[in-house]
Novice: 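Structure incoming, see below.
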Amino acid sequence: MAQIALGIGTSHGPQLSTPPEQWGQRAAADHRNPALAFRGGDYSFAELSELRGAAFAAECEPGVQHERHARSRAAIGELGRTIRAANVDVLVVVSSDHKELYGDELLPQFAIYWGGTMRHEPYTAQQLATMPPGLAVAEVANQPGRPEVRHGHSQLGLHLIHEVSRAGFDPGAAKVLPAGRWENHSIPHGWGFILQQVLDGHDLIPIVPVFVNTFWEPNPPTARRCYDFGVALGAAIESFPADLRVGVVGSGGLSHFVIDEDLDRAFIKALIDKDREFMVSLEDDQLRSGTSELRNWVVVGGATADTPLTAQVVDYLPCYRSAAGTGCAMAFMAWQP
């Protein structure tokens, strides 16, 4: 039978792939955002700055930003080495689609890919030119330099669809990735980050993409639903009738676009402690904007709950880009025997 041999949690925010001296491009977008989500409220940049006392200027000093970027890149490399060392046969990668593939025509809470291959396309110059400031420089790092075909695991993907359905879930099932925003049927950035940055784009391990609608109304799943889905996903993996070593990966988070270190640190502790009650008690108002991607980690927490794996922090780095506290908190964790 298959076994969950490894768990991984990683941020994938654009600042990871952006030179720190260019983080200000995204800070400029924060200044224009009329609804920066923080602890259940929506704030303009001026309102957020007043609320938080503009207390994070020292965190935005160039030396601090460069140090946190360097440590983040080192942590990404460490996760890649951890995956290689675990000798896994396939990665089940849980992440959130930013309406790159799924849109208002169909927006599943959960979806599982069961195709044998998938396209991974580079962005065109025209596509990059349409991206908001500060994104194009980062997103190219999540896509290959030329069109590639990546491998899935159709038998495992189909088994997961059947088994989580028997457990009371109704996942979307995709054998071909939708054409999506870019009309190219390509792997989105949350999964591309794992292939291109964590695994360096070579000698790649087959992946089974699992989609969670973390962001978009009207149907993001509750934290409780995500945890229970993770439990069902973990049981489904371990009932697969083949001798496979499987890694389960959560891609995204932690708190952003307003950093909340208190929430992040409590969440990380809950993952280490396998604290189900904390994870399922996260409120929808806490899981908004980019912080909504904690849902992907909650799925991994559920999937690994009944395994002997224990979670360890590789690093946690709040990467601020404005004195008001906007930015992205970067976290990197591994669940190992």
Novice: Taking only Lys NZ, Arg NE, NH1 and NH2, and the carboxylate oxygens of Asp or Glu, determine whether Asp315 and Arg71 approach each other closer than 4.0 Å.
Specialist: yes
Novice: In terms of heavy-atom contacts, does NE2 of His151 have more than 12 from other residues, nucleotides or ligands at under 6.0 Å?
Specialist: no
Novice: When hydrophobic residues are tied together by side-chain contacts of less than 4.5 Å, even through go-betweens, does Val314 share a cluster with Leu16?
Specialist: yes
Novice: Taking the basic N atoms (NZ, or NE/NH1/NH2) and the acidic carboxylate oxygens, is any pair closer than 4.0 Å for Lys269 and Asp275?
Specialist: no
Novice: Any donor and acceptor pair, going by atom type alone, linking the side chain of Arg276 with main-chain N or O of Arg224 inside 3.5 Å?
Specialist: no
Novice: Inspect the surroundings of CG in Asp306 and state if more than 12 heavy atoms from other residues, nucleotides or ligands are less than 6.0 Å away.
Specialist: no
Novice: Using only atom types and a distance under 3.5 Å, with no angle test, would you say the side chain of Arg26 pairs donor to acceptor with the backbone of Pro133?
Specialist: yes
Novice: List the atom of Val208, the atom of Gly157, and the distance in Å for their closest heavy-atom pair.
Specialist: CG1-CA, 4.0 Å
Novice: Arg150 vs His120, test: side chain to side chain donor-acceptor pair (under 3.5 Å). Steps then yes/no.
Specialist: CA-CA 7 Å; Arg150 306 307 192 191; His120 201 185; 3.1 Å; yes
Novice: Please work out which of the three classes, parallel, tilted or perpendicular, describes the rings of Phe229 and Phe110, given edges at 30° and 60°.
Specialist: parallel
Novice: For the side chain of Ser292 and the backbone of Thr214, is there at least one donor-acceptor N/O pair under 3.5 Å apart?
Specialist: yes
Novice: For Glu261, does the CD atom sit with more than 12 other heavy atoms under 6.0 Å from it, leaving out its own atoms?
Specialist: yes
Novice: Ignoring hydrogens, what is the shortest heavy-atom contact between Ala223 and Leu287? Give both atom names and the distance.
Specialist: CB-CD1, 4.0 Å
Novice: Quick one about Glu121 and His185 (side-chain donor to acceptor, distance below 3.5 Å, no hydrogens or angles considered), yes or no?
Specialist: no
Novice: Can you see whether Ser17 engages Gln197 through a side-chain donor-acceptor pair at a distance of less than 3.5 angstrom?
Specialist: yes
Novice: Take His98 and Glu293 through the test side chain to side chain donor-acceptor pair (under 3.5 Å) and record every step on the way to the result.
Specialist: CA-CA 11 Å; His98 294 198; Glu293 292 180 335; 2.9 Å; yes
Novice: So does Asp285 pair up with Arg39, basic N to acidic O under 4.0 Å?
Specialist: no
Novice: Is it true that Ile112 and Val248 fall in one hydrophobic cluster, defined by side-chain heavy atoms closer than 4.5 Å?
Specialist: yes
Novice: Is the number of heavy atoms from other residues, nucleotides or ligands under 6.0 Å of Lys175 NZ greater than 12?
Specialist: no
Novice: Can you list the steps and then say if Phe211 with Trp191 is a ring pair (Phe, Tyr, Trp, His ring centres under 6.0 Å)?
Specialist: CA-CA 10 Å; Phe211 298 82; Trp191 295 265; 4.5 Å; yes
Novice: Hey, is the main chain of Val212 close enough, under 3.5 Å, to the side chain of Arg295 for a donor-acceptor pair?
Specialist: no
Novice: Quick one: closest heavy-atom pair of His69 and Pro20, and the distance?
Specialist: CB-CG, 3.5 Å
Novice: What is the distance from atom CD1 of Ile194 to atom CD1 of Ile187, rounded to the nearest 0.5 Å?
Specialist: 11.5 Å
Novice: Parallel, tilted or perpendicular: which fits the ring planes of Phe267 and Phe278, with parallel below 30° and perpendicular above 60°?
Specialist: tilted
Novice: Taking the cut-offs as 6.0 angstrom to the six-membered ring centre and 45 degrees off its axis, would you call Arg321 and Phe56 a cation-pi pair?
Specialist: no
Novice: Shared ILVMFWY cluster between Leu160 and Leu6, side chains joined below 4.5 angstrom?
Specialist: no
Novice: Check whether Ile161 and Phe240 end up in the same hydrophobic cluster, where Ile, Leu, Val, Met, Phe, Trp and Tyr are linked by side-chain heavy atoms less than 4.5 Å apart.
Specialist: yes
Novice: Do you know the tightest heavy-atom contact between Ala37 and Ser289?
Specialist: CB-CB, 4.0 Å
Novice: Any donor-acceptor pair under 3.5 Å linking the side-chain atoms of Glu283 with those of Gln286?
Specialist: no
Novice: For Asp104, I'd like to know if atom CG has over 12 heavy atoms of other residues, nucleotides or ligands within 6.0 Å.
Specialist: no
Novice: Determine whether a donor-acceptor pair (N or O, by modelled atom type, separation under 3.5 Å) exists between the side chain of Asp260 and the backbone of Ser255.
Specialist: no
Novice: Would the distance check show the side chain of Asn33 and the main-chain N or O of Ala35 forming a donor-acceptor pair, the cut-off being under 3.5 Å?
Specialist: yes
Novice: Are the side chain of Gln15 and the backbone N or O of Trp23 linked by a donor-acceptor pair below 3.5 Å?
Specialist: no
Novice: State whether the side chain of Asn142 and the backbone N or O of Gly192 hold a donor-acceptor pair below 3.5 Å, judged by distance alone.
Specialist: no
Novice: Please give me the minimum heavy-atom distance between Pro122 and Gln127, naming the atom from each residue.
Specialist: O-OE1, 4.2 Å
Novice: Regarding Thr326 and Asp30, do their side chains bring together a donor and an acceptor under 3.5 Å, going by distance alone?
Specialist: yes
Novice: Ignoring hydrogens and geometry beyond distance, is a side-chain donor-acceptor pair present between Ser44 and His31 at under 3.5 Å?
Specialist: no
Novice: Consider only side-chain N and O atoms of Asn213 and Asn219, and report whether a donor and an acceptor are under 3.5 Å apart.
Specialist: yes
Novice: Out of curiosity, does Trp335 fall in the hydrophobic cluster containing Leu79 (side-chain heavy atoms, cut-off under 4.5 Å, transitive links)?
Specialist: no
